[in-house]
Amino acid sequence: DAGVIQSPRHEVTEMGQEVTLRCKPISGHNSLFWYRQTMMRGLELLIYFNNNVPIDDSGMPEDRFSAKMPNASFSTLKIQPSEPRDSAVYFCAIRTISFANGELFFGEGSRLTVL
Amino acid sequence: DQQVKQNSPSLSVQEGRISILNCDYTNSMFDYFLWYKKYPAEGPTFLISISSIKDKNEDGRFTVFLNKSAKHLSLHIVPSQPGDSAVYFCAASAPEKLVFGKGTKLTVNP
């Protein structure tokens, strides 16, 4: 079965600190997505990878945000330096090879609070 | 600027009645539409989808209707149950990525 493990589940940090969110897909996939959920904007796509290659990062809000996918089993989203407006729930999602029409499997999310 | 719009932030219905959640989109190139359901502290989960070549898709208590000329889709839940209380996201395939609306919080009262 498809699955996505995200860590940490909760992160509280102070403004200016570096934050690293992690995602581990645990089964076959060909695409990985990072989304951010806020009350104001709903679920926004930040960046996605096909076969570990970044395809579209137009949703990354600023240069403070960066994402990497060094291999098929791991991806990170980094915010440096963090700001209070970055507080949100960040989701990692995968599209498995067996679903051709866009269904995504989401992780449980990382809730970030920047004080 | 939002390509997928859910204009109702919340909806409250009585158990056993019909819930209708609405979604509008602006991009006529979208070829596939999906609904996701999200409980607190969990990730969204896929609920039902519809291709742009169809106007209706049904799965048990859930039916999605698509009106391409109006660029409008709706999700019907009949009968509604308290366990359906969640946030529902409408999404459109563009085509390699999904564009989501802001979500509608559904509350089904016993």
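Near-neighbour residues of residues 99-110 of chain B relative to chain A, defined by a heavy atom under 4.5 Å from a heavy atom of that chain, comprise Phe100(B), Gly101(B), Lys102(B). Contact annotation for residues 51-59 of chain B against chain A (heavy-atom separation below 4.5 Å): no residues qualify. Proximity to chain A at a heavy-atom threshold of 4.5 Å picks out Ala41(B), Glu42(B), Gly43(B), Pro44(B), Phe46(B) from residues 39-46 of chain B, in numerical order.
For residues 3-110 of chain B, the set of pairs meeting the disulfide (SG to SG under 2.5 Å) definition, not counting sequence neighbours, comprises Cys23(B)-Cys90(B).
At a 4.5 Å heavy-atom cutoff, the contact between Arg9(A) and chain B is made by side-chain atoms alone. For a residue to count as touching a neighbouring chain, one of its non-hydrogen atoms must lie under 4.5 Å from one of that chain's; by this rule Gln37(A) touches chain B with the side chain only.
In terms of hydrophobic clustering, with Ile, Leu, Val, Met, Phe, Trp and Tyr side chains grouped at heavy-atom distances under 4.5 Å, Leu75(B) and Tyr25(B) are assigned to a common cluster. Tyr48(A) and Tyr32(B) fall within a single hydrophobic cluster, where Ile, Leu, Val, Met, Phe, Trp and Tyr side chains are chained together by heavy-atom contacts under 4.5 Å. No path of Ile, Leu, Val, Met, Phe, Trp and Tyr side chains, each step under 4.5 Å between heavy atoms, connects Phe62(B) with Val87(B), placing them in separate hydrophobic clusters. Hydrophobic clustering (side-chain heavy atoms under 4.5 Å, transitive across Ile, Leu, Val, Met, Phe, Trp, Tyr) groups Ile79(A) together with Trp34(A). Residues Ile20(B) and Phe65(B) are members of separate hydrophobic clusters, defined by side-chain heavy-atom contacts under 4.5 angstrom among Ile, Leu, Val, Met, Phe, Trp and Tyr.
The environment of Asn71(A) atom CG is dense: over 12 non-hydrogen atoms of other residues, nucleotides or ligands sit within 6.0 angstrom. Under a cut-off of 6.0 angstrom, the local environment of CD in Glu15(B) is crowded, with over 12 non-hydrogen atoms contributed by other residues, nucleotides or ligands. By the 6.0 Å contact criterion, CZ on Arg17(B) is open, its count of non-hydrogen atoms from other residues, nucleotides or ligands being 12 or less. Taking a 6.0 Å sphere around CZ of Arg111(A), one finds it holds 12 or fewer heavy atoms contributed by other residues, nucleotides or ligands.
The structure places CG of Leu43(A) at 8.0 Å from NZ of Lys38(B), a figure rounded to the nearest 0.5 Å. Within the model, atoms CZ of Phe89(B) and CZ of Phe106(A) stand 8.5 Å from one another, a figure rounded to the nearest 0.5 Å.
For the pair Tyr36(B) (side chain) and Leu104(A) (backbone), a donor-acceptor distance under 3.5 Å is present.
By number of non-hydrogen pairs under 4.5 angstrom with chain B, the leading residue of Gly42(A), Gly109(A), Gly59(A) is Gly42(A).
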